[in-house]
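Bear in mind that the values here come from a model prediction, so they are computed numbers and not experimental data.
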Amino acid sequence: MNLPLALAPVEFIDDKAAIARLYGEPMLELPKDLYIPPDALQIILDAFEGPLDLLLYLIRRANLDVLDIPMAPLTVQYLQYIEAMRASNLDLAADYLLMAAMLLEIKSRMLLPRPAREDAEEADPRAELVRRLLEYEQTKLAAARLDSMPRVERDFEWVSVFVAEKVVERLPDVTLHDLQLSWLRIMKKARLNQHHRVGREQLSVREHMTAILRKLDGGTFVVFDTLFEPDLGPAGVVVSFLAVLELVKERLVDVTQNEAFAPIYVKLADGSCDNA
Amino acid sequence: MDRAITPELCKCIIETALLAASAPLSVSALRGLFDEDPGPDLVRRLVDELRADWDDAARGVELVQLAGGWRFQTRPAFQVYLDRLKEEKPPRYSRAVMETLAIIAYRQPVTRGDIEDIRGVTVSPGVLKTLESRGWIDVVGHRDTPGRPALFATTRRFLDDMGLRSLTELPALTEIERIMDLVDTTQIQAADAAADQETD
Amino acid sequence: MDRAITPELCKCIIETALLAASAPLSVSALRGLFDEDPGPDLVRRLVDELRADWDDAARGVELVQLAGGWRFQTRPAFQVYLDRLKEEKPPRYSRAVMETLAIIAYRQPVTRGDIEDIRGVTVSPGVLKTLESRGWIDVVGHRDTPGRPALFATTRRFLDDMGLRSLTELPALTEIERIMDLVDTTQIQAADAAADQETD
């Protein structure tokens with residue numbers, strides 16, 4: 001009988017196929033005239049992840065106890081697979097041959113007569129193989145479970161909505177505190193150098209100077225009266241007036257009056273508005 | 001499973017697809033979600049409903065229609081928060097820029113020469129350009145002296161950005177001078193050190 | 001503007017950030033959204049509320065906690081629809097890849113030699129490259145043995161992509177592990193006895 005071709009590593013053989021029983025477990029019929037088409041062998045080889053996987057398959061298929069492996073039939077089975085693959089000139093991985101050697105070694109060690117008492121502590125020659133088989137089987141199961149866990153892109157997707165960004169350059173934040181510190185620094189330096197006397201000045205006069213310059217921005221004559229906002233109250237008007245005087249003093253504006261009591265006009269000093 | 005699909009489930013599927021999509025989805029793409037095509041009219045109606053639902057819930061994300069189809073995107077008002085998740089440090093102005101700004105704020109209108117006199121160093125054109133492009137200063141006139149230098153002053157925008165109603169709300173100079181002796185000089189030195197590391 | 005922030009707005013901002021994020025956001029990252037830190041307790045409470053809100057609304061999207069923090073993701077039940085929009089199928093990994101991943105996940109840090117010992121076959125470089133390029137494993141060091149082989153471990157991205165908060169949430173290696181414990185003791189002795197019988 002040929003080897004079953006529909007190989008699936010988790011498949012178990014049914015009892016009818018067993019030709020013998022070992023320790024109460026069914027044993028497989030050992031194939032005699034082995035013929036497996038080469039392409040089928042390639043499939044067999046591809047179906048296994050390596051010698052451990054193949055061994056585990058043979059053990060599970062025969063419903064054998066991993067902890068009590070009958071070395072002789074298992075080794076025969078394994079070697080037959082290997083031989084079939086070699087006979088078909090398949091590129092057999094060295095790992096498979098290494099395992100064959102290991103199985104034969106275990107088998108021969110078990111055949112050796114053992115002194116009765118002394119080596120009671122000596123390990124079963126199969127122990128290492130059993131450990132490796134169990135560890136590999138554990139890995140196989142873990143891999144299958146890992147593969148069945150919900151995984152991004154296969155079982156779910158991340159949510160990441162588009163961030164509507166205005167393409168603006170991020171500008172530095174400046175606080176009043178920063179401004180204050182900068183000013184303090186300037187003054188500290190000024191004091192140390194004693195070069196410049198940073199005087200105290202009425203800030204609101206400066207503010208009004210700027211405001212008036214803005215009003216005159218067009219470069220045309222502006223009626224003097226309109227520079228004052230009655231809403232600001234008497235103090236505001238006075239400050240505005242001081243601002244105009246200051247502007248005149250700094251020759252930033254021209255004030256003209258054609259005749260007494262005629263309207264007074266204010267205009268930016270000549271050329272002042274060129275680049276404004 | 002698809003056969004007994006309700007409009008409610010249909011809407012839920014469309015919403016899920018739009019939330020997970022990495023590009024806008026057209027109505028015809030959305031129709032492709034289903035085994036049995038619900039037709040363009042139903043899909044269009046459901047997308048409209050979705051947009052309204054999200055608007056009503058006043059969320060930070062909205063469903064918008066673009067050339068390529070529909071897409072969920074964050075509302076611009078939330079950008080300020082999302083920006084904070086970015087690792088980058090906030091940019092800072094160099095010491096030269098900050099001192100120039102302080103001088104213009106307190107002594108306006110001033111010329112570049114004035115600023116240089118006070119700071120004791122020449123002012124690079126880049127410094128004034130930085131402040132001008134920020135909209136914080138502008139030229140309000142020219143002094144009637146040789147060369148007719150431009151006079152700089154702070155703008156309305158500057159006041160707005162600083163949270164001031166008028167320049168008089170700037171910390172008063174006299175006050176500053178008074179507290180100057182009180183402020184532990186370490187604070188200034190620390191600020192100096194920080195500013196020195198920056199480039200302009 | 002941040003000053004008068006209400007818990008409602010706070011929640012809306014957190015929701016927006018989580019919807020827009022391209023990676024999980026931790027509670028401390030979420031706290032960084034605000035100018036004034038609302039503190040970990042409030043943020044945690046609001047995130048919990050958000051999760052409940054989305055669950056109650058029976059949407060196709062849920063808020064989940066992963067190793068890297070919180071993230072919105074679509075529910076697996078909706079994948080059948082979303083798959084229809086995909087132009088290419090997500091990669092299916094070979095058994096070699098999945099077994100290598102399992103070994104690294106459960107026994108990290110491991111060298112390539114360790115993996116080969118357990119699997120009983122040589123590990124092709126492509127297998128490790130596949131896992132590395134997916135961002136699921138990386139080299140965390142080198143074992144101090146001849147050749148100084150690289151030690152592989154799984155990444156946080158692996159946990160996030162598998163929907164896990166930590167490695168302890170990996171499915172336990174139960175049954176077989178139990179057997180393994182017994183192998184070294186009683187079972188081996190029993191096997192010894194049996195082996196003695198076999199050698200006749």
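Of all heavy-atom pairs spanning C:L33 and B:L85, the tightest one is CD2-CG, 3.6 Å. Of all the heavy atoms in B:A20 and C:T74, the pair that sits closest is CB-CG2, 3.7 Å.
Not counting sequence neighbours, the partners of C:F72 by the ring-ring contact (aromatic ring centres under 6.0 Å, His included) test are C:W54.
The local environment of CZ in C:R156 is sparse, with at most 12 non-hydrogen atoms from other residues, nucleotides or ligands closer than 6.0 Å. Heavy-atom contacts from other residues, nucleotides or ligands closer than 6.0 Å to NZ of C:K86 number more than 12. Other residues, nucleotides and ligands place more than 12 heavy atoms under 6.0 Å from the CG atom of C:D56.
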Q: Kindly determine whether B:L19 and C:L19 satisfy side-chain contact (heavy atoms from CB on, under 4.5 Å), including the steps that lead there.
A: CA-CA 8 Å; B:L19 280 170; C:L19 282 169; 4.2 Å; yes
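By a heavy-atom distance cut of under 4.5 Å, B:C12, B:I13, B:E15, B:T16, B:A17 are the residues of residues 10-18 of chain B near chain C, going up by number.
C:A21 does not touch chain B: none of its heavy atoms, backbone or side chain, sits under 4.5 Å away.
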